[in-house]
Participant: 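The following block contains the structure, expressed as structure tokens.
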Amino acid sequence: MIDVDKLLVSLKQSNYSNSETFLQAVEEVLISIKPLLDSDPKYHKHSIIERILIPDRMFKFKVTWMDDKGGIQVNTAYRVQFNNSLGPYKGGLRFHPSVSADILSFLGFEQIFKNALTGLPIGGGKGGSDFDPKGKSDFEVMKFCRAFMTELQKYIGPRIDVPAGDIGVGAREIGYLFGTYKKITSSYEGILTGKPGMFGGSKIRPEATGYGLIYFVERMLEIEGKEKLKDKICLISGSGNVAMFAMEKLYQLGAKPVTCSGSKGMIYDENGIDLELIKKIREDRVPLDTYKKTHKDAKWTKIEDYPKEGNPLWSIPAYGAFPCATQNEINAHDAKELIKNKCVVVGEGANMPSTKEATDLFLASDCLFAPAKAANAGGVAVSEFEMSQNASMQTWSSEVVDSKLKETMYHICDKVSNTAKEYGENGNYVTGANIAGFKRVAEAMIAEGI
Ligand code: NDP
């Protein structure tokens, strides 16, 4: 038998003692897969837990580049290749000052189970740098990307490791990274996903995570016998890739998203967020509060004015709440506010946006809770579709990709719901997602041997 509690205590006292975010993700997975571990001794016999907690390898490298004033800048970068039992390592690159080995270990670990849940042949990895693209010129971003890929290209390949975008890495960065890989290797290969369409990007990839999140939640509402999102007020945090396309899908379904946010503050627009304006703000890379110039009735709250106990965005009464910014953005106070206001469903677009305390509160309440590793898997699923298209030199239409995305999200939702039922935790999608994802990876690890 595996003593999960003992293992968690020893991890907290080990080399991982400074990896707070990674340990948060590990704790959630280990606690929720306990019923599976107790039901079959093979996981213990094959030391699956001990093996899955350590990445296959993790690269840390220096990125040196020159800014527009001729100054030499240095950043730290990483690629974590966590587990490739099911396929090539797959997971995004994040460029944000908060990037560290801890953050990327948490994201890489989560990615293993998320990718397994898609049912597709992809392993788990993650990477990035503490470089902040904000406030940099296009030329500076290009020079950083060139320096970053000069090192990263040694470790990736279409059948080895295929990164994609994440926070701070969009089409512009992917373009520069792809261009650099091509220049160094003279090889035109699908080594990145999320590429612009003109050089092999899949249709619907930018939309995939946001659309997929809403598909998942619609299916969950159906399974749990709740009203769907049509005509419902919804809260969104973030205003980046995931947030924008979650809003777009909500509008397509007749729902009304009334909030969005960024690192400087939040917008509350009772009339519904003007999505075209948000897209324009992102495209022009101007501050989010520019929104107020066009919509005088909308309320802008600066982050400095947030109450210390939580984010005021989650105190607005709504039917659905969709955190789409970053990790740990919903704390226990925010969760209590959502529950008090009778929020029916929380769907996680960002990775691990709810703290452990917030997650426990949702699970103990009537509020449905769609955890990130299942609900935001649409992005990586379409990334795998992009790999398939690149490998076969094909281009699938938007309709084909969108319908495959919807089918995949429905399939994940059904699988998660059924697994939760099977292990006596009906309605607990955290347990369902962790057990279903873990089982698929563990079976492959056992079959492949040590
Ligand atoms: P973007 O860079 O496009 O947008 C990120 C958004 O979150 C921006 O609005 C940003 O605000 C805000 N944000 C980032 N960090 C913070 C912070 N520390 N505090 C407050 N706001 C913050 O990223 P994505 O939309 O791609 O990613 C959002 C989340 O979704 C991440 O957790 C990511 O890991 C996850 N995800 C993304 C996938 C994808 O396909 N892109 C796939 C699966 C998960 P500002 O612009 O002001 O910094």
Side-chain angles (χ1 to χ4, degrees), residues 21 25 90-100 103-104 106-108 110-111 114-115 117-118 124 126-128 130-135 163-174 192-194 201-202 204-213 216 236-248 259-267 273 278-279 281-291 300-303 306 311 313 322-331 347-354 371-384 386 405 409:
T21 325
K90 185 90 199 83
L93 298 170
R94 178 176 290 193
F95 291 170
H96 192 272
S98 65
V99 162
S100 63
I103 295 291
L104 294 179
F106 128 64
L107 289 165
E110 288 282 289
Q111 198 80 42
K114 180 190 311 199
N115 295 3
L117 279 172
T118 64
K126 201 80 189 185
D130 57 4
F131 170 76
D132 188 356
K134 250 185 248 150
D166 190 78
I167 292 178
V169 179
R172 174 183 62 171
E173 289 75 16
I174 292 286
L192 289 164
T193 57
S202 176
I204 309 286
R205 177 59 188 91
E207 293 88 345
T209 310
Y211 279 20
L213 167 68
F216 185 97
I236 299 259
S237 66
S239 49
N241 176 270
V242 180
M244 283 190 301
F245 290 108
M247 281 195 257
E248 186 162 286
T259 60
C260 67
S261 66
S263 46
K264 301 271 187 291
M266 60 161 281
I267 297 167
I273 294 290
I278 296 293
K279 285 186 179 173
I281 286 173
R282 290 289 294 182
E283 202 179 298
D284 295 348
R285 301 182 196 279
V286 295
L288 190 56
D289 62 356
T290 313
Y291 189 93
W300 166 255
T301 309
K302 279 192 284 192
I303 203 145
Y306 285 11
N311 183 339
L313 193 151
F322 300 93
C324 296
T326 194
Q327 63 274 359
N328 291 330
E329 53 167 316
I330 295 189
N331 65 18
E348 294 191 321
N351 282 310
M352 205 171 71
S354 310
K373 66 170 73 68
N376 75 15
V380 77
V382 174
S383 273
E384 197 278 344
E386 185 169 324
L405 168 65
M409 297 315 294

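Indexing begins at 1, ligand by ligand and atom by atom, following the structure's order.
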Participant: To which protein heavy atom is atom 1 (P) of ligand 1 closest, and what is the distance rounded to 0.1 Å?
Facilitator: R282 NH2, 3.7 Å

Participant: Give the numbers and elements of all ligand 1 atoms closer than 4.0 Å to a heavy atom of G349.
Facilitator: 30 (O), 35 (C), 44 (C)

Participant: Would you indicate whether the side-chain heavy atoms of F245 and K279 approach each other to under 4.5 Å?
Facilitator: yes

Participant: Which residue holds the protein heavy atom closest to atom 6 (C) of ligand 1, what is that atom called, and what is the gap in Å?
Facilitator: G240 N, 4.0 Å

Participant: Would you say the side chain of I278 lies within less than 4.5 Å of the side chain of L288, judging by non-hydrogen atoms?
Facilitator: yes

Participant: Around atom 19 (N) of ligand 1, find the nearest protein heavy atom and jot down its residue, atom name and distance.
Facilitator: T326 CG2, 4.0 Å

Participant: What are the two closest heavy atoms between A377 and K373, and how far apart are they?
Facilitator: CB-O, 3.9 Å

Participant: Regarding ligand 1, does K114 bring an N or O atom to under 3.5 Å of one of the ligand's N or O atoms?
Facilitator: no

Participant: Between L93 and E173, is any pair of side-chain heavy atoms under 4.5 Å apart?
Facilitator: no

Participant: At a non-hydrogen distance cut-off of under 4.0 Å, which region of P353 contacts ligand 1 (side chain, backbone, both, or neither)?
Facilitator: neither

Participant: For R94, take its heavy atoms, then give the atoms of ligand 1 lying under 4.0 Å from any of them.
Facilitator: 31 (C), 32 (O), 33 (C), 34 (O)

Participant: Does only the side chain of E329 get under 4.0 Å from ligand 1, or the backbone, or both, or neither? Count heavy atoms.
Facilitator: neither

Participant: Using a 4.0 Å heavy-atom threshold (strictly under), name the region of Q327 that reaches ligand 1: side chain, backbone, both or neither.
Facilitator: neither

Participant: Would you say the side chain of Q327 lies within less than 4.5 Å of the side chain of E110, judging by non-hydrogen atoms?
Facilitator: no

Participant: If we only count heavy atoms from C-beta on, is the M409 to Y211 side-chain gap below 4.5 Å?
Facilitator: no

Participant: I'd like to check which ligand 1 atoms, numbered from 1 as shown, lie under 4.0 Å from a non-hydrogen atom of A350.
Facilitator: 29 (C), 30 (O), 32 (O), 35 (C)

Participant: Kindly indicate whether the side chain of I236, heavy atoms from C-beta on, has any atom under 4.5 Å from the side chain of I273.
Facilitator: no

Participant: What protein heavy atom is closest to atom 27 (O) of ligand 1, reported as residue, atom name and distance in Å?
Facilitator: I167 CG1, 3.7 Å

Participant: Atom 33 (C) of ligand 1: which protein heavy atom is closest, and how many Å away?
Facilitator: D166 OD1, 3.1 Å

Participant: Is it the case that ligand 1 has an N or O less than 3.5 angstrom from some N or O of G168?
Facilitator: yes

Participant: Tell me the contacting part of E173 for ligand 1: side chain, backbone, both, or neither, using a 4.0 Å heavy-atom threshold, strictly below.
Facilitator: neither

Participant: If every non-hydrogen atom of C324 is compared with every non-hydrogen atom of L213, which pair is closest and at what distance?
Facilitator: SG-CD2, 3.9 Å

Participant: Counting heavy atoms only, which of T209, N328, I236 comes nearest to atom 39 (C) of ligand 1?
Facilitator: T209

Participant: Going by the rule side chain to side chain donor-acceptor pair (under 3.5 Å), which residues pair with E207 if we only count those two or more places apart in sequence or in a different chain?
Facilitator: none

Participant: Under 3.5 Å, side chain of R94 to main-chain N/O of G127, donor-acceptor pair present?
Facilitator: no

Participant: What are the atoms of ligand 1, with element, lying closer than 4.0 Å to any heavy atom of H96?
Facilitator: 15 (N)

Participant: Determine whether any heavy atom of M352 lies closer than 4.0 Å to an atom of ligand 1.
Facilitator: no

Participant: Specify the protein heavy atom at minimum distance from atom 25 (O) of ligand 1: its residue, its atom name, and the distance to 0.1 Å.
Facilitator: V242 N, 2.9 Å

Participant: Can you tell me the protein heavy atom closest to atom 41 (N) of ligand 1 and the distance?
Facilitator: N241 OD1, 3.6 Å

Participant: Taking 4.0 Å as the limit for heavy-atom contacts, which would you say applies to N351 with ligand 1: side chain only, backbone only, both, or neither?
Facilitator: both

Participant: When only distance counts, is L107 in polar contact with ligand 1, meaning an N/O pair under 3.5 Å?
Facilitator: no

Participant: Tell me which protein heavy atom sits closest to atom 28 (C) of ligand 1, plus the residue, atom name and distance to 0.1 Å.
Facilitator: A325 O, 3.3 Å

Participant: Give the atom numbers and elements of ligand 1 that come within less than 4.0 Å of a heavy atom of S261.
Facilitator: 9 (O)

Participant: N/O of R205 under 3.5 Å from N/O of ligand 1, yes or no?
Facilitator: yes

Participant: Check whether any side-chain N or O of N115 sits under 3.5 Å from a backbone N or O of K90 as a donor-acceptor pair, and report yes or no.
Facilitator: yes

Participant: Is there any N or O on S239 that sits under 3.5 Å from an N or O of ligand 1?
Facilitator: yes

Participant: Is it true that a side-chain atom of Q111 and a backbone atom of G124 form a donor plus acceptor pair closer than 3.5 Å?
Facilitator: no

Participant: Using only atom types and a distance under 3.5 Å, with no angle test, would you say the side chain of T209 pairs donor to acceptor with the backbone of G378?
Facilitator: no

Participant: With side chains defined as the heavy atoms from C-beta onward, is the minimum distance between S239 and I281 less than 4.5 Å?
Facilitator: no

Participant: Under a 3.5 Å distance rule, please check whether N241 uses its side chain to pair with a backbone N or O of P206 as donor and acceptor.
Facilitator: yes

Participant: Please work out, at 4.0 Å between heavy atoms, whether the side chain, the backbone, both, or neither of A208 comes within that distance of ligand 1.
Facilitator: neither

Participant: Hey, which atoms in ligand 1 end up nearer than 4.0 Å to a heavy atom of G238?
Facilitator: 9 (O)

Participant: Should E329 and S237 be marked as a side-chain hydrogen bond (donor to acceptor under 3.5 Å, both in side chains) after you check the CA-CA gap, both sets of side-chain angles, and the distance that decides it?
Facilitator: CA-CA 9 Å; E329 53 167 316; S237 66; 2.7 Å; yes

Participant: Using a 4.0 Å cut-off to any heavy atom of S263, which atoms of ligand 1 qualify?
Facilitator: 11 (O), 20 (C), 21 (N), 45 (P), 47 (O), 48 (O)

